[in-house]
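Shown next, in structure tokens, is the structure this report addresses.
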Amino acid sequence: MLTTVYFATNRALTGAPEDWRSYGTGIVTPSNPNAITYATAFVDNTNLTADTTGAIQQIENVSTGRFSQSAIDDLSNPGRNLLVFIHGFDNSFEAAITRAAFNREWFAQSGVAAADTTVVAFSWPSLGRLLDLPLPWGDYQHDQIKAGQSGFHLMTFFANLEPILRRARANGSRVFLLAHSMGNWALQAAVESWFSHGNGDADLFDEAILAAADERYDSFDFPEPGRLSGLHRLAKRMSIYFSRIDNVLTLSMAINLGAKRLGQDGPHDRFDTGKFPPSQYRMVDCSGFRDYAFNFASSHQYYRRSPGVRTDIAQTMGGAGIV
């Protein structure tokens, strides 16, 4: 089975763009949005039972600075909802694209029609390494820096998507954003960049799903447009998934000198309905889900490992709880 993944990446190319091995760990010129590569990948053997994520078989429709016209046409009238995915820490390019394919298939198998989506991924230059010795935190800090530096590129990706999403929505599609782990660090930089570059409010996403966010837990406390404080101006609603037994985020908090993470217990003041109106913010505590093989790494992956969490996300995509 082939799964189509439309993608953009600010990884610097080391070879032909049709070869997935050419997408390295360097970052393109920060101020040049035309250096971002846009293309379409086809992923084979996405096996949900074994929790493997397939392999990239082909990359085509390569363009720089924007999607190719054929990709724009496909995404403007996809015939289903759209899922925009931003990966987290410890994802090589191959892992990022195959994980996007996995997520598409994982949610499609929920049985909720709205969760059978077309997936669009943004891959920032993570090293794809987890806690290498002798300095186990060095790779993490490298990724955190690169995620932050990707804010402008992710913002321009959103800007390129905006007219596409507008047409897709006019054709009956809804649009979901799924940011996992350190992808939320890149997201906050993009949101801040969006408004600091003079862009106004935009209905980019019907739902922004922040899963196991490796971002400051006080991110929404900053004066707009600081960090995630302005996200409500780009997404109609936000669902924040967190877990107090996320062992990876416990380690992340230690590396970040004790700074609590958004994905550990939700945002600061999460019970304040004046600050977080229930019609606009959903707080989803995943601490009690153990319906999957639980270990150090998987405690951070519940959004794609737990059938119970999948059901909640899929029902959210279907419009559950919208006031």
Side-chain angles (χ1 to χ4, degrees), residues 86 88 174 176-192 194-195 201 203-292 294 298-323:
I86 309 169
R174 299 180 72 227
F176 314 120
L177 172 68
L178 171 59
H180 177 240
S181 185
M182 200 179 283
N184 288 275
W185 191 272
L187 176 62
Q188 62 80 20
V191 172
E192 191 168 317
W194 178 276
F195 293 109
D201 296 8
D203 287 334
L204 293 179
F205 309 111
D206 293 283
E207 189 89 30
I209 299 165
L210 313 184
D214 192 0
E215 160 61 353
R216 293 174 55 141
Y217 95 121
D218 59 353
S219 190
F220 292 97
D221 292 350
F222 281 69
E224 290 190 25
R227 305 196 78 86
L228 289 176
S229 63
L231 182 57
H232 70 99
R233 297 166 61 187
L234 301 179
K236 294 179 181 177
R237 194 173 68 162
M238 282 157 277
S239 289
I240 302 170
Y241 290 78
F242 59 89
S243 172
R244 290 181 295 277
I245 56 172
D246 186 328
N247 296 317
V248 172
L249 289 185
T250 299
L251 178 59
S252 169
M253 184 173 70
I255 295 173
N256 284 282
L257 305 178
K260 193 173 180 180
R261 317 318 287 163
L262 178 61
Q264 288 182 289
D265 196 26
H268 178 235
D269 288 336
R270 68 179 171 92
F271 293 109
D272 184 344
T273 56
K275 185 176 179 180
F276 297 106
S279 61
Q280 197 168 14
Y281 295 88
R282 292 179 67 242
M283 307 295 174
V284 186
D285 186 353
C286 299
S287 305
F289 287 95
R290 290 293 187 97
D291 54 347
Y292 61 103
F294 186 88
S298 69
S299 70
H300 190 54
Q301 302 289 337
Y302 50 83
Y303 83 99
R304 66 177 189 90
R305 300 296 298 273
S306 165
V309 176
R310 172 176 62 183
T311 296
D312 187 276
I313 294 175
Q315 289 177 346
T316 297
M317 291 176 174
I322 294 178
V323 178

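- What you find for S181 and G88 is that their closest heavy atoms are CB-CA, 4.0 Å.
- With Y241 as the partner, the side chain to side chain contact (heavy atoms under 4.5 Å, CB included) test is satisfied by one option alone out of L262, L178, I313, D285: I313.
- A donor-acceptor pair under 3.5 Å links the side-chain atoms of R261 to the main chain of A259, judged by distance alone.
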So M238 and H232, side-chain contact (heavy atoms from CB on, under 4.5 Å) or not? Walk me through it. CA-CA 8 Å; M238 282 157 277; H232 70 99; 3.5 Å; yes

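- With no hydrogens or angles considered, a side-chain donor-acceptor pair links R304 and Q301 at under 3.5 Å.
- Judged by distance alone, with hydrogens and angles left aside, the side-chain atoms of D206 form no donor-acceptor pair with the main-chain N or O of R174 at under 3.5 Å.
- A distance-only check finds a donor-acceptor pair linking the side chain of S243 to the backbone of I245 [under 3.5 Å].
- Taking the six-membered ring where the residue is Trp, H180 and Y303 present tilted rings, their angle falling between 30° and 60°.
- Residues R233 and W194 are not in side-chain contact: their nearest non-hydrogen atoms beyond the backbone lie 4.5 Å or more apart.
- S279 contributes atom OG, which lies 13.5 Å from atom NZ of K236 (distance to the nearest 0.5 angstrom).
- Scanning both residues, A208 and A235, for their nearest heavy atoms gives CB-CB, 3.8 Å.
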For Q264 and D246: C-alpha separation, side-chain torsions, deciding distance, then whether side-chain contact (heavy atoms from CB on, under 4.5 Å) applies. CA-CA 7 Å; Q264 288 182 289; D246 186 328; 5.6 Å; no

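- Between the N256 side chain and the M253 main chain, no donor and acceptor come within less than 3.5 Å of each other.
- Listed here is the closest heavy atom pair of D291 and S306: OD1-OG, 2.6 Å.
- Atom-to-atom distance recorded for F289:CZ and F294:CZ is 13.0 Å, nearest 0.5 angstrom.
- Rounded to the nearest 0.5 angstrom, L231 CG and L177 CG are separated by 7.5 Å.
- Taking all atoms of both residues into account, the shortest heavy-atom contact from E224 to S229 is CA-OG, 3.3 Å.
- Here the side chain of Q280 pairs no donor or acceptor atom with the backbone of P277 at under 3.5 angstrom.
- Between F176 and F205 the shortest heavy-atom distance is C-CD2, 4.3 Å.
- Looking only at side-chain heavy atoms (C-beta outward), D201 and F195 come within less than 4.5 Å of each other.
- In this structure, F276 and M283 have side chains that are in contact, with non-hydrogen atoms separated by less than 4.5 Å.
- What you find for P267 and F220 is that their closest heavy atoms are CB-CD1, 3.9 Å.
- With salt bridges taken as basic N to acidic carboxylate O contacts below 4.0 Å, none links R227 and D218.
- Contact of the P278 side chain with the T273 side chain is registered, since non-hydrogen atoms from C-beta on lie closer than 4.5 Å.
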Report the C-alpha distance between L249 and F242 in whole Å, list the side-chain angles of each, state the deciding distance to 0.1 Å, and finish with yes or no for side-chain contact (heavy atoms from CB on, under 4.5 Å). CA-CA 10 Å; L249 289 185; F242 59 89; over 6 Å; no

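- Between atom SG of residue C286 and atom CD1 of residue I240 there is a gap of 12.0 Å, rounded to the nearest 0.5 Å.
- Taking CG of D214 as the start and NE2 of H300 as the end, the distance is 6.0 Å to the nearest 0.5 Å.
- The backbone N or O of V248 lies less than 3.5 Å from no partner atom in the side chain of S252, so there is not a single donor-acceptor pair.
- One distance of note links CZ of R216 with CZ of F222; it measures 3.5 Å at 0.5 Å rounding.
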What verdict does the side-chain contact (heavy atoms from CB on, under 4.5 Å) test give for T316 and D312, after you've listed the backbone C-alpha separation in whole Å, the side-chain angles of each residue and the deciding distance to 0.1 Å? CA-CA 6 Å; T316 297; D312 187 276; 3.7 Å; yes

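- At least one side-chain heavy atom of H268 sits less than 4.5 Å from a side-chain heavy atom of K275.
- The backbone N or O of A179 lies less than 3.5 Å from a partner atom in the side chain of N184, making a donor-acceptor pair.
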